[in-house]
Trainee: 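Following this message is one structure expressed as structure tokens.
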Amino acid sequence: SSLQTKAEIDPAYPDHYTLNGGKAFISGAGMSDIYLVMCRTGGPGPKGISCVVVPKDTPGLSFGADEKKMGWKVQPTRQVIFEDCRVPIANRLGAEGQGFVMAMAGLDGGRLSIGSCSLGAAQASFEIALKYSKERKQFAKAIADYQGTQFKLANMATNINIMRLSLRSAAALLDQGHPAAAVHCAMAKKTSTD
């Protein structure tokens with residue numbers, strides 16, 4: 001892992017980490033009350049990464065400007081900046097060096113979450129399109145009555161159903177602790193976000 005944000009123990013504050021570095025394109029940055037920060041507490045590679053809880057009001061924690069995104073604007077996305085941000089060692093989750101394992105364990109749930117958000121947006125868009133197709137008239141009849149429109153609506157409904165089934169199947173496998181869960185979560189996210 002090429003993680004650069006560091007958490008070092010300052011001899012003046014032996015029971016605290018001092019964080020320096022930053023995280024880019026973080027969903028909810030500036031709005032959330034706490035931040036789970038993956039930071040380097042050890043040497044290079046995944047075993048040098050730990051997870052530390054940083055409250056929003058911690059001195060040295062700041063946020064960049066809102067990112068200008070093409071889509072999904074309901075959640076702010078900003079940079080998170082650590083400049084001599086001091087947090088108690090007691091805020092570390094798990095043992096030192098377990099952060100990478102924790103991050104990997106959270107990926108599958110995150111994939112399902114993003115896929116579910118996309119499913120909701122697709123379902124809402126379909127409902128709006130269906131309603132509009134019944135209201136919009138062309139050549140004295142609703143465009144929903146034309147076969148070309150029906151094909152498009154049928155394709156939308158089919159893809160939404162595929163998304164829903166893929167997400168549900170992946171979530172069930174994840175709940176069961178099935179060895180193929182990670183692959184299915186990745187496929188469900190891809191299917192739902194394309």
Side-chain angles (χ1 to χ4, degrees), residues 1-69 71-118 120 167 170-186 188-190 193:
S1 173
S2 63
L3 184 89
Q4 298 295 311
T5 301
K6 289 188 178 181
E8 300 175 311
I9 298 173
D10 182 340
Y13 301 93
D15 56 346
H16 284 71
Y17 285 120
T18 301
L19 277 69
N20 283 291
K23 305 290 182 178
F25 215 77
I26 302 302
S27 300
M31 301 283 294
S32 302
D33 292 329
I34 60 168
Y35 296 86
L36 300 180
V37 179
M38 298 299 161
C39 51
R40 189 151 304 283
T41 56
K47 293 188 174 161
I49 298 171
S50 297
C51 180
V52 178
V53 176
V54 181
K56 180 181 183 177
D57 60 355
T58 304
L61 173 62
S62 62
F63 307 96
D66 278 334
E67 297 287 344
K68 305 291 183 236
K69 300 183 289 187
W72 208 254
K73 297 180 180 189
V74 297
Q75 186 175 47
T77 303
R78 299 163 71 177
Q79 184 180 14
V80 178
I81 303 160
F82 306 98
E83 294 175 302
D84 293 328
C85 180
R86 198 167 289 117
V87 295
I89 291 175
N91 284 22
R92 185 186 65 226
L93 298 179
E96 198 163 284
Q98 287 185 329
F100 185 79
V101 172
M102 289 179 190
M104 294 300 101
L107 278 181
D108 292 332
R111 288 177 175 135
L112 293 178
S113 178
I114 295 297
S116 296
C117 290
S118 297
L167 286 162
L173 291 173
L174 187 60
D175 283 348
Q176 296 164 13
H178 195 281
V183 170
H184 285 265
C185 289
K189 178 188 180 259
K190 184 210 176 289
T193 58

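What you are looking at is a predicted structure, and each value in this text was computed from that prediction instead of being measured.
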Trainee: Which pairs, with at least one residue in residues 80-101 and sequence neighbours excluded, count as a side chain to side chain donor-acceptor pair (under 3.5 Å)?
Mentor: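 Residue pairs with at least one partner in residues 80-101: Y17-R92, Y17-E96, N20-D84.
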Trainee: Which atom pair, heavy atoms only, marks the closest approach of I81 to G64?
Mentor: CD1-N, 4.1 Å
Trainee: In Å, rounded to the nearest 0.5 Å, how long is the span from CD of Q79 to CD1 of I26?
Mentor: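 Rounded to the nearest 0.5 Å, the CD-CD1 separation comes out at 9.0 Å.
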Trainee: Got a second to check how far F100's CZ is from R40's CZ, nearest 0.5 Å?
Mentor: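 Between F100 CZ and R40 CZ, I get 10.0 Å after rounding to 0.5 Å.
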Trainee: To the nearest 0.5 Å, how far apart are OG1 in T41 and CG in L19?
Mentor: 10.0 Å
Trainee: As an exercise, state the distance from CD1 of I114 to SG of C185, rounded to the nearest 0.5 Å.
Mentor: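 I114 atom CD1 to C185 atom SG measures 13.0 Å (nearest 0.5 Å).
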Trainee: Which donor-acceptor pairs under 3.5 Å do side chains of residues 175-184 form with protein atoms, sequence neighbours excluded?
Mentor:
| residue | atom | partner | partner atom | Å |
| --- | --- | --- | --- | --- |
| H178 | ND1 | A180 | N | 2.9 |

Trainee: Sequence neighbours excluded, which residues qualify as side chain to side chain donor-acceptor pair (under 3.5 Å) partners of K6?
Mentor: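 K6: no side chain to side chain donor-acceptor pair (under 3.5 Å) contacts found.
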Trainee: For M31, what residues pass the side-chain contact (heavy atoms from CB on, under 4.5 Å) criterion, not counting sequence neighbours?
Mentor: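 side-chain contact (heavy atoms from CB on, under 4.5 Å) list for M31, sorted by chain: P76.
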Trainee: For L61 and P55, which heavy atoms make the closest approach, and how far apart are they?
Mentor: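 Shortest heavy-atom separation between L61 and P55 comes out as CD2-O, 3.5 Å.
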Trainee: Identify the two heavy atoms, one from C39 and one from V52, that lie closest to each other, and give their separation to 0.1 Å.
Mentor: SG-CG2, 3.6 Å
Trainee: Between S32 and G28, is there a donor-acceptor pair closer than 3.5 Å when you use the side chain of the first and the backbone of the second?
Mentor: yes
Trainee: What pairs meet the salt bridge (charged side-chain N to carboxylate O under 4.0 Å, His left out) rule with one or both residues in residues 97-109, with sequence neighbours excluded?
Mentor: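 For residues 97-109, and leaving out neighbouring residues, the salt bridge (charged side-chain N to carboxylate O under 4.0 Å, His left out) pairs sorted by first residue read D108-R111.
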Trainee: Would a distance-only check, ignoring hydrogens and angles, find a side-chain to backbone donor-acceptor pair under 3.5 Å from S113 to G109?
Mentor: no
Trainee: List the steps and the verdict of ring-ring contact (aromatic ring centres under 6.0 Å, His included) for Y35 and F63.
Mentor: CA-CA 12 Å; Y35 296 86; F63 307 96; 5.5 Å; yes
Trainee: Under the rule for side-chain contact (heavy atoms from CB on, under 4.5 Å), what residues qualify as partners of E67, not counting sequence neighbours?
Mentor: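 Partners of E67 under the side-chain contact (heavy atoms from CB on, under 4.5 Å) test: F25, K69, T77.
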Trainee: Closest approach of S118 and T193, non-hydrogen atoms and distance?
Mentor: OG-CG2, 3.3 Å
Trainee: So which heavy atom on F82 is nearest to which on T5, and how close?
Mentor: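 Where F82 meets T5 most closely, the heavy atoms are CD1-CG2, 4.0 Å.
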Trainee: S50 and G97: which non-hydrogen atoms are nearest, and at how many Å?
Mentor: OG-N, 2.8 Å
Trainee: Under a 3.5 Å distance rule, please check whether K47 uses its side chain to pair with a backbone N or O of G42 as donor and acceptor.
Mentor: no
Trainee: To the nearest 0.5 Å, what is the distance between CG (D10) and NE2 (H16)?
Mentor: 10.5 Å
Trainee: Can you measure from CG (L93) to CE (M102) and round to the nearest 0.5 angstrom?
Mentor: 5.5 Å
Trainee: Would the number of heavy atoms belonging to other residues, nucleotides or ligands and lying under 6.0 Å from NZ of K56 be above 12?
Mentor: yes
